[in-house]
Amino acid sequence: MAESNSTDFDLLWYLENLSDKEFQSFKKYLARKILDFKLPQVPLINLRATKEELANLLPISYEGQHIWNMLYSIFLMMHKEDHCMKIIGRRNRNQEACKALMRRKLTLQWENHTFGEFHYKFFCNVASDVFYVLQLAYDSTSCYSANDLNVFLMGDRASGKTMTINLAVMKWINGEMWQNMISYVVHLTSHEINQMTDSSLAELIAKDWPDSQAPIADILSDPKKLLFILEDVDNLRFELNVNEHALCSNSTQKVPIPILLVSLLKRQMAPGCWFLISSRPTREENIKMFLKTTDCYVTLQFSNEKRELYFHSFFNDRQRASTALMLVHDDEILTGLCRVAILCWITCTVLNRQMDKGHDPQHCCETPTDLHAHFLADALTSKAGLTANQYHLGLLRRLCLLAAGGLFLSTLNFSGEDLRCVGFTEVDVSVLQAVNILLPSSTHKDRYKFIHLNVQEFCAAIAFLMAVPNCLIPSGSRGYKEKREQYCNFNQVFTFIFGLLNENRRKILETTFGYQLPMVDSFRRYSVEYMKHLGRDQEKLTHHGSLFYCLFENQEEEFVKKVVNTLKEVTVYLQSNKDMMVSLYCLEYCCHLRTFKLSVQRIFEYKEPLVRPTASQMKSLVYWREICSLFCTMDTLWELHLFDSDLNDISERILSKALEHSSCKLRTLKLSYISTASGFEDLLKALARNRSLIHLSLNCTSISLNMFSLLREILDKSTCQIRHLRWSFTPVAQARVQCWDLSSPQPPTPRFK
């Protein structure tokens with residue numbers, strides 16, 4: 001890689017400014033330094049070499065950083081202060097040039113986003129704890145630092161990873177962070193890396209410099225002051241499991257990109273450098289491969305405290321902020337939305353506009369469908385208070401056409417050709433950018449994307465009910481798709497479609513644009529008929545979580561009843577309060593439910609006694625109690641399968657109370673792969689008081705020998721109605737299965753090893 005054209009990097013200039021006697025001393029020092037730096041001996045570099053020969057030989061024999069580190073050390077020993085100062089001055093100028101380069105890059109990115117100064121100032125404030133960690137992590141004198149440190153910045157989509165990195169780099173540029181710790185920053189994104197096949201480290205570093213002329217020798221001269229930023233490692237098109245023997249240490253050698261990255265991460269190149277790596281949690285294998293015990297792992301998420309601070313800062317009105325917060329905190333789905341900074345901004349923007357209009361947000365913003373409908377309607381008609389006309393409707397139609405075409409063809413970043421393909425003009429794009437619907441992509445040059453994937457999914461749902469024609473956008477035909485572009489889960493689109501089937505929510509759009517969505521009635525009829533079909537063939541719907549989310553978004557009581565009326569068997573997987581809230585809402589309408597299959601994971605993982613449960617933990621217990629109460633209130637429910645579940649002490653007691661209740665109608669209970677705090681003691685004792693339970697199955701469940709004795713004791717009680725018992729267990733290595741028909745006169749006694 002060529003260095004910048006200047007006498008600063010002209011070896012011959014430095015050598016010619018030595019007297020003949022000084023040059024002879026220089027060559028002797030050079031021979032020692034080559035040994036000190038553990039560099040290979042080059043026979044032609046000897047005491048007989050002329051200044052010109054030496055200036056030509058060194059660059060082809062050694063990497064630039066080694067040459068200039070040796071020269072500086074030699075000039076220092078020779079007391080050539082002028083030469084040393086020239087090298088120091090060059091390095092200082094190059095460090096400032098790097099900062100200027102990064103400033104231009106970040107400024108261009110920020111000019112493309114128009115959320116307003118508030119959003120960035122706030123994010124800078126709430127991310128102060130992350131900046132504190134980053135400051136200490138790269139301070140070699142700090143006890144929190146370590147050699148070859150990697151800092152992993154983890155977060156879901158739009159959680160603020162890129163913004164956090166950009167703000168940290170800007171603080172470094174302004175002298176507010178990493179002073180005397182970081183001299184150079186090399187910024188890499190997965191999208192840039194995915195375009196490469198082979199590269200040298202020198203080429204990789206120089207990619208952002210004008211004409212690719214970067215001062216490589218100075219950048220690599222002190223790797224302990226060099227920070228590599230690698231964004232979106234989950235989006236890399238290749239795996240990083242490279243054989244150790246393939247790694248490379250030469251910064252000028254071209255190698256395949258995976259080898260180059262792993263060589264850097266393993267510090268075969270630039271030993272002692274720092275890494276800041278961002279990723280979504282979807283590709284943890286690439287993270288775990290390089291995560292050391294001394295590394296730093298930071299997760300980005302809007303906590304309850306930060307969300308409250310955001311709302312109060314946004315509204316700057318205590319009453320409005322409290323009203324908005326109450327609405328969000330009372331709904332698990334809205335709470336989940338507001339864990340993401342951009343969606344938090346959308347939520348606050350919508351609620352603020354509704355309050356400005358004198359509307360009660362409790363009634364007009366109950367679901368994400370409400371929020372997104374208001375956001376689109378307000379944004380597209382916001383200019384000077386204009387009401388919607390044919391132009392606005394056409395803009396909405398083209399926007400929805402783009403959204404649906406993008407999702408069907410796994411395209412989230414749109415080219416100018418894509419925009420023209422659906423009929424957008426430059427004026428249209430400017431309007432959509434001004435109202436924060438379409439924004440320039442932060443990862444793909446000269447491309448646009450929706451402000452958030454949720455907005456694109458909502459527009460695609462409208463497109464479905466609009467019956468817009470299929471659109472084959474040009475970018476959709478590209479053969480290679482990055483991992484983050486690959487879209488295959490349309491659950492959220494269908495959830496929004498069901499939300500728009502609700503007349504009140506649909507009217508937000510229909511009234512604003514003076515247009516009725518033509519496919520609503522046919523989709524309603526199809527949904528009901530399809531569920532009747534599934535009711536006759538339960539195997540076609542293996543779990544009901546996605547359906548329940550769709551119905552919760554709809555919340556039209558009569559429609560929900562019609563859809564779930566045929567369900568006799570339901571399977572749900574509960575992993576969050578949101579899952580419990582949604583499932584509870586739908587289960588209460590399942591009036592013909594006979595079999596309930598339930599898995600509970602992650603929610604009750606905390607095993608220690610709760611002295612002060614958090615608000616979230618209290619909500620979990622309330623939802624769980626309501627779900628368990630269904631075993632007593634649903635007369636048709638006869639069979640419960642609890643599988644792949646973890647219950648702590650309190651949740652087990654709640655379940656036990658429900659099972660022993662006199663109103664419990666369950667006849668069959670199956671427990672498979674269950675972990676409980678008491679080892680099933682509470683559950684088994686509850687079964688002794690259940691008057692309806694006849695069948696009990698315990699499958700691969702960790703029950704001790706003492707519990708088996710307790711089980712036999714319970715089965716002997718006159719209050720116990722169990723007549724059929726089946727269990728399988730693994731006492732040591734071999735699985736055992738016992739079937740016990742308790743209706744026989746003398747049931748066999750199980751034998752255990």
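Quick note: numbers below take in every heavy atom, side chains included, and nothing from hydrogens, waters or symmetry partners. In this text the structure is predicted, and so the values were computed from the model without any measurement.
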Are the side chain of [X] and the backbone N or O of [Y] linked by a donor-acceptor pair below 3.5 Å?
{"X": "His544", "Y": "Val572", "value": "no"}
{"X": "His374", "Y": "Cys364", "value": "yes"}
{"X": "Ser583", "Y": "Met580", "value": "no"}
{"X": "Arg524", "Y": "Leu501", "value": "yes"}
{"X": "Gln601", "Y": "Asp644", "value": "yes"}

Can you confirm whether [X] sits close enough to [Y] that some side-chain heavy atom of one is under 4.5 Å from a side-chain heavy atom of the other?
{"X": "Val328", "Y": "Phe311", "answer": "yes"}
{"X": "Cys365", "Y": "Val350", "answer": "yes"}
{"X": "Leu584", "Y": "Leu630", "answer": "yes"}
{"X": "Asn577", "Y": "Met581", "answer": "no"}
{"X": "Phe302", "Y": "Leu343", "answer": "no"}
{"X": "Phe152", "Y": "Leu291", "answer": "yes"}
{"X": "Ile627", "Y": "Phe596", "answer": "yes"}
{"X": "Leu637", "Y": "Lys665", "answer": "no"}

Which atoms form the tightest heavy-atom contact between [X] and [Y], and what is the distance?
{"X": "Ser546", "Y": "Asn491", "answer": "OG-ND2, 3.1 Å"}
{"X": "Thr347", "Y": "Cys338", "answer": "OG1-SG, 3.7 Å"}
{"X": "Ala324", "Y": "Leu351", "answer": "CB-CD1, 3.6 Å"}
{"X": "Asn241", "Y": "Glu239", "answer": "OD1-CB, 3.3 Å"}
{"X": "Leu517", "Y": "Met466", "answer": "CD2-CG, 3.7 Å"}
{"X": "Leu567", "Y": "Val570", "answer": "CD1-CG2, 4.0 Å"}

What's the verdict on side chain to side chain donor-acceptor pair (under 3.5 Å) for Ser692 and Asn690, showing C-alpha distance, side-chain angles and the deciding distance? CA-CA 6 Å; Ser692 60; Asn690 187 294; 3.0 Å; yes
Which residue is it: Ser651, Ser645, Ser620? I am looking for the one with a side chain to side chain contact (heavy atoms under 4.5 Å, CB included) to Val600.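 Result: among Ser651, Ser645, Ser620, Ser645 is the only option passing the side chain to side chain contact (heavy atoms under 4.5 Å, CB included) with Val600.
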Which residue, Glu485, Lys483, Glu482, forms the side-chain hydrogen bond (donor to acceptor under 3.5 Å, both in side chains) with Asn235?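 Only match with Asn235 under side-chain hydrogen bond (donor to acceptor under 3.5 Å, both in side chains): Glu482.
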Quick test of your reading of the model: are [X] and [Y] salt-bridged, counting only N-O distances below 4.0 Å?
{"X": "Arg525", "Y": "Asp521", "value": "no"}
{"X": "Lys619", "Y": "Glu332", "value": "yes"}
{"X": "Arg594", "Y": "Glu639", "value": "no"}
{"X": "Glu713", "Y": "Lys685", "value": "no"}
{"X": "Glu366", "Y": "Arg505", "value": "yes"}
{"X": "Asp234", "Y": "Arg484", "value": "yes"}

Can you tell me if [X] has over 12 outside heavy atoms packed within less than 6.0 Å of its [atom1]?
{"X": "Gln516", "atom1": "CD", "value": "no"}
{"X": "Asn470", "atom1": "CG", "value": "no"}
{"X": "Lys481", "atom1": "NZ", "value": "yes"}
{"X": "Lys562", "atom1": "NZ", "value": "no"}

Would Phe523 and Phe464 count as a ring pair (Phe, Tyr, Trp, His ring centres under 6.0 Å) if you check the C-alpha gap in whole Å, the side-chain angles of each, and the deciding distance to 0.1 Å? CA-CA 10 Å; Phe523 190 84; Phe464 186 91; 5.5 Å; yes
For Phe496 and His372, I'd like to know if the aromatic rings sit close, meaning centre-to-centre distance below 6.0 Å.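 Aromatic pair counts; centres sit under 6.0 Å.
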Under 6.0 Å between ring centres: does that hold for Phe494 and Tyr549?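 Not under 6.0 Å, so no.
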Without hydrogens or angle criteria, can the side chains of Gln555 and Asn502 be said to hold a donor-acceptor pair below 3.5 Å?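 Asn502 and Gln555 do not have a side-chain donor-acceptor pair below 3.5 Å.
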Thr369-Glu553 side chain donor-acceptor pair, cut-off 3.5 Å: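 A pair is found: one side chain offers a donor N or O, the other an acceptor, under 3.5 Å apart.
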Rounded to the nearest 0.5 Å, what separates atom [atom1] in [X] from atom [atom2] in [Y]?
{"X": "Phe408", "Y": "Ile473", "atom1": "CZ", "atom2": "CD1", "result": "12.0 Å"}
{"X": "Lys670", "Y": "Lys597", "atom1": "NZ", "atom2": "NZ", "result": "7.5 Å"}
{"X": "Ile508", "Y": "Leu376", "atom1": "CD1", "atom2": "CG", "result": "10.5 Å"}

What orientation do Phe498 and Phe559 show, parallel under 30°, tilted 30 to 60°, or perpendicular over 60°?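 Because their plane-to-plane angle lies in the 30° to 60° range, the rings of Phe498 and Phe559 count as tilted.
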Going by the angle between their ring planes, with limits at 30° and 60°, are Tyr526 and Tyr530 parallel, tilted or perpendicular?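 Ring orientation, 0 to 90° scale: parallel.
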Candidate pair Asn554 and Val563, rule side-chain contact (heavy atoms from CB on, under 4.5 Å), full reasoning: CA-CA 11 Å; Asn554 177 270; Val563 173; over 6 Å; no
Which is it for Tyr487 and Glu457 under the side chain to side chain donor-acceptor pair (under 3.5 Å) test, yes or no, and what are the steps along the way? CA-CA 11 Å; Tyr487 188 88; Glu457 290 168 327; 2.7 Å; yes
